[in-house]
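Here, residue 1 is the first one in the sequence, and each next residue gets the next number.
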Amino acid sequence: MSELVQLQSSLARIFREAIPESSSWGNPQAVKHLHEINQKLNGVSTAPPRASMAQVVATYRRSRKVAGLHDLKYVCYGVAMPMQDGWCVLGDDKLRDELLADVENLNESRKRFRCFQALLSSYFAFTRYDGQTPKTAHAGWEILRGWLWRQRTLFQWENKTEKLRTPGWFTVLAKHENLLTDKPCDRYGKDMLRGDNSNLEEARQGLGIPRDSWVMEETILSQMRSAANLGDTPFKSHIDQLLDVINGQTSVDVSELLKQKSIAVLVSRYARCDIKLEHPAMRDASVSIIGNPWLKRTAWDAWVKNFRDQPDEEAREMVNGWLTRQLITDFFALLSSDGQADQRRLNYWLRFVPDIEGTPWLALGPDAMRNNSKPYRELRDRARGRLLRLDNPGASNNNAFIMKMGERLIVEFGVTGHACYIYPSTPVPFKLEGLSISLNDMKNKSLGESLRHADGHILWERNFDRVIFPNVGYSSFTTSRPKAKPQAAQNAGHNFSYVEQYVKKFSIRSEDHRPNGAFWVLAKKGLNSEVDNNLESWGFKYKDGRGWWKQ
């Protein structure tokens, strides 16, 4: 019988023993048997039962010795496994170094290779994106990474010189040696941004990397960084799909730690865009994951860094402005007494967004507190930390909006007919730290000044301006009736420095190319009617794809 026929006969016998004759390719049990055969042929092994590993590792921790190769392999598989008190071998400098030395001193290459494989499995199983993982364990994991890189190189040399058969998984590791560097998943992140996960799947399948490994999460973060390295336009084109990943709307589970890292990359990059119009989905994701930019400033400064690795104040202020603008819009639209937006009051207060200190407070009456529809739930989530219950509201659909500007606290009510109240902010005229606030406390004429939303010989907006501007040090433009030009427009039109400061309040960038060119305001027409009206009144012209300009 020829060698080929003998091989054919042997393979047929192996398959008959492993797979019953009744099995078909669609049979799950047959697929399982084939997977086991493939593992044996390629040397891809799985970790022992967790309870068994934990027992051996606990014994090793106490005795600092291993009984033999069997226990040594079990410890290698369990070096990244935390004990009940959070301790793990990787975080114990002395014990970890002794273990790695014991593996290096094994007298047979085959034994060292098996322990190397076990340690590689632990390397991929490490809980890198678990907020409870100690820093000492992270440091030990990085040391293990360097050790694996050096040992892989040594095994490659030994296999070549001794002409040993290289298992399939080791060949895959050589192809994906990036996994043992300080940028393990950058190549996969770039691929994923293009919608290609073939390289990642090759590494995952070939090396037995589990789906809950840090490799999957690191690839997500690398995907975010790859997008952040793009120009403004291509970066913006990827934002929605990346937010879907962060929000858990894909097949990959994203830990809270990774969510924080990922949204921080996106929001900081967006803040560097030349034109950064409000992005509602990014606003809500960043507030939900990191927190209110005003109330959780420490968290924002810790996570959101600029390119100098300093707290990104521009990104934090950008999101805080978005949040404030949305809360004002919700108040005068969603929370209005008749369900219709109070457009004049909305437009009036939106002008002051850059000058409102922190996030405004919302005091919600019974109707808004009880309403469980999606818009109301989202509103209450956005206002978390600044949300109060409005006691004695009068009408159950009444609500209050409280904002601090300069040295004044300003209170507006949802139900029409209520005056606006303006108080000195020091001392605070009513408690804002509790869970609720009374309507009566916010309508105290003896402590503050009331202004009514009623037109007389002048518009109520101008009357409000006369009181508010001197108190808050705000310099802006008076709202007027439709088709009327804003006050002070004739002066601002020739004062480009003033225009620059004005548009900056809306997070809009400007460029001054005079005297040989024009002064540009890089804003898209139609996204902010106030900005559009003011720029037109100042003599600016609009160019599609570029923005407003004036020479």
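The shortest heavy-atom contact between N178 and T181 is O-OG1, 2.7 Å. Shown here for L221 and S262, the closest heavy-atom pair between the two residues is CD1-OG, 4.0 Å. Between A518 and Q551, the shortest heavy-atom distance links the atoms CB-CG, 3.8 Å. I209 and A203 make their closest contact through CD1-O, 3.8 Å (heavy atoms, listed as atom of the first residue, atom of the second, distance). Looking at every heavy atom in both residues, D232 comes nearest to C273 through OD2-CA, 3.4 Å. The two atoms that bring P366 and S396 nearest to each other are CD-O, 3.3 Å, heavy atoms only.
Here the straight-line distance linking atom OG of S226 with atom CG of L193 works out to 6.0 Å at 0.5 Å rounding. Of the inter-residue distances, the one linking L277 atom CG with L522 atom CG reads 10.5 Å to the nearest 0.5 angstrom. Here L390 contributes atom CG and D367 contributes atom CG; the two are 11.0 Å apart, rounded to the nearest 0.5 Å. Atom CG of residue N199 and atom CG of residue D191 lie 5.0 Å apart, to the nearest 0.5 angstrom. Atom CD1 of residue I289 and atom CG of residue N247 lie 5.5 Å apart, to the nearest 0.5 angstrom. Here R345 contributes atom CZ and C420 contributes atom SG; the two are 8.5 Å apart, rounded to the nearest 0.5 Å.
A donor-acceptor pair under 3.5 Å links the side-chain atoms of N399 to the main chain of N397, judged by distance alone. For the pair K543 (side chain) and W549 (backbone), a donor-acceptor distance under 3.5 Å is absent. Of the possible donor and acceptor atoms, one in the side chain of W141 sits under 3.5 Å from a partner among the backbone N and O of Y123. Side chain of R211 to backbone of R204: no donor-acceptor contact under 3.5 angstrom is found. Looking at D532, its side chain does come within 3.5 Å of a backbone N or O of G526 through a donor-acceptor pair. Of the possible polar contacts, one joining the K276 side chain to the A271 backbone as a donor-acceptor pair under 3.5 Å is found. Side-chain N or O atoms of S425 include one that pairs as donor or acceptor with a backbone N or O of E407 at under 3.5 Å. The backbone N or O of A264 sits nowhere less than 3.5 Å from a side-chain atom of S268 that would complete a donor-acceptor pair. Using a distance-only test at 3.5 Å, with no hydrogens or angles considered, no donor-acceptor pair links the side chain of K259 to the main chain of K261. For the pair N306 (side chain) and Q310 (backbone), a donor-acceptor distance under 3.5 Å is present.
Between the side chains of Y129 and E218, at least one donor-acceptor pair of N or O atoms lies under 3.5 Å. Side-chain N/O atoms of T359 and N320 include a donor and acceptor closer than 3.5 Å.
With a 4.5 Å cut-off on side-chain heavy atoms, L379 and L362 count as touching. At least one side-chain heavy atom of L346 sits under 4.5 Å from a side-chain heavy atom of T329. Side-chain atoms of I458 and R466, non-hydrogen and from C-beta on, do get closer than 4.5 Å to each other. A 4.5 Å side-chain heavy-atom check between L387 and M369 finds at least one atom pair inside the cut-off. Side-chain contact between L243 and H279 is present, with heavy atoms from C-beta onward closer than 4.5 Å. In this structure, the side chains of W294 and E357 come closer than 4.5 Å at one or more pairs of heavy atoms. By the 4.5 Å heavy-atom criterion applied to side chains, F519 and S510 are counted as neighbours. Contact check for L323 versus N292: side-chain heavy atoms found under the 4.5 Å cut-off.
Here ring-ring contact (aromatic ring centres under 6.0 Å, His included) pairs that include residues 387-412, with residues two or more places apart or in two chains, are F331-F401. Residue pairs meeting the ring-ring contact (aromatic ring centres under 6.0 Å, His included) criterion with at least one partner in residues 360-394, sequence neighbours excluded, do not occur; the list is empty. Residue pairs meeting the ring-ring contact (aromatic ring centres under 6.0 Å, His included) criterion with at least one partner in residues 415-456, sequence neighbours excluded, are F413-H418, Y423-F430, H453-W460, H453-F464.
A distance of 6.0 Å or more separates the ring centres of Y502 and W548.
Counting non-hydrogen atoms of neighbouring residues, nucleotides and ligands closer than 6.0 angstrom, the CD atom of Q132 reaches no more than 12 such neighbours. The environment of NZ in K443 is crowded: more than 12 heavy-atom neighbours from other residues, nucleotides or ligands sit within 6.0 Å.
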### Query
Between D465 and R462, does a salt bridge (charged side-chain N to carboxylate O under 4.0 Å, His left out) hold up when you go through it step by step?
CA-CA 5 Å; D465 287 349; R462 291 191 179 182; over 6 Å; no
### Task
Decide yes or no on salt bridge (charged side-chain N to carboxylate O under 4.0 Å, His left out) for E449 and R408, but give the supporting numbers first.
CA-CA 11 Å; E449 182 176 1; R408 293 293 183 271; over 6 Å; no
### Query
Step by step, would you call R128 with E217 a salt bridge (charged side-chain N to carboxylate O under 4.0 Å, His left out)?
CA-CA 9 Å; R128 190 179 179 193; E217 294 193 294; over 6 Å; no
### Task
Could you go through the side chain to side chain contact (heavy atoms under 4.5 Å, CB included) check for V304 and R316 one step at a time?
CA-CA 8 Å; V304 186; R316 178 171 48 79; over 6 Å; no
### Message
Show, in sequence, the C-alpha distance, side-chain angles and deciding distance for L432 and K404, and conclude whether the side chain to side chain contact (heavy atoms under 4.5 Å, CB included) test is met.
### Response
CA-CA 12 Å; L432 291 168; K404 183 179 185 300; over 6 Å; no
### Query
Should C185 and V215 be marked as a side chain to side chain contact (heavy atoms under 4.5 Å, CB included) after you check the CA-CA gap, both sets of side-chain angles, and the distance that decides it?
CA-CA 7 Å; C185 300; V215 171; 4.0 Å; yes
#### Entry: I290 and K296: CA distance, side-chain angles, deciding distance, side chain to side chain contact (heavy atoms under 4.5 Å, CB included) verdict
CA-CA 8 Å; I290 303 177; K296 301 292 184 180; 5.6 Å; no
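Among R546, R509, K524, the one residue that satisfies the salt bridge (charged side-chain N to carboxylate O under 4.0 Å, His left out) test with D274 is R509.
F235 carries R269 over the face of its six-membered ring, with the cationic atom under 6.0 Å from the centre and within 45° of the normal.
Taking the six-membered ring for Trp and thresholds of 30 and 60 degrees, F124 and W214 have ring planes inclined between 30 and 60 degrees apart. Ring orientation note: the planes of H176 and Y188 are tilted relative to one another, at an angle of 30° to 60°.
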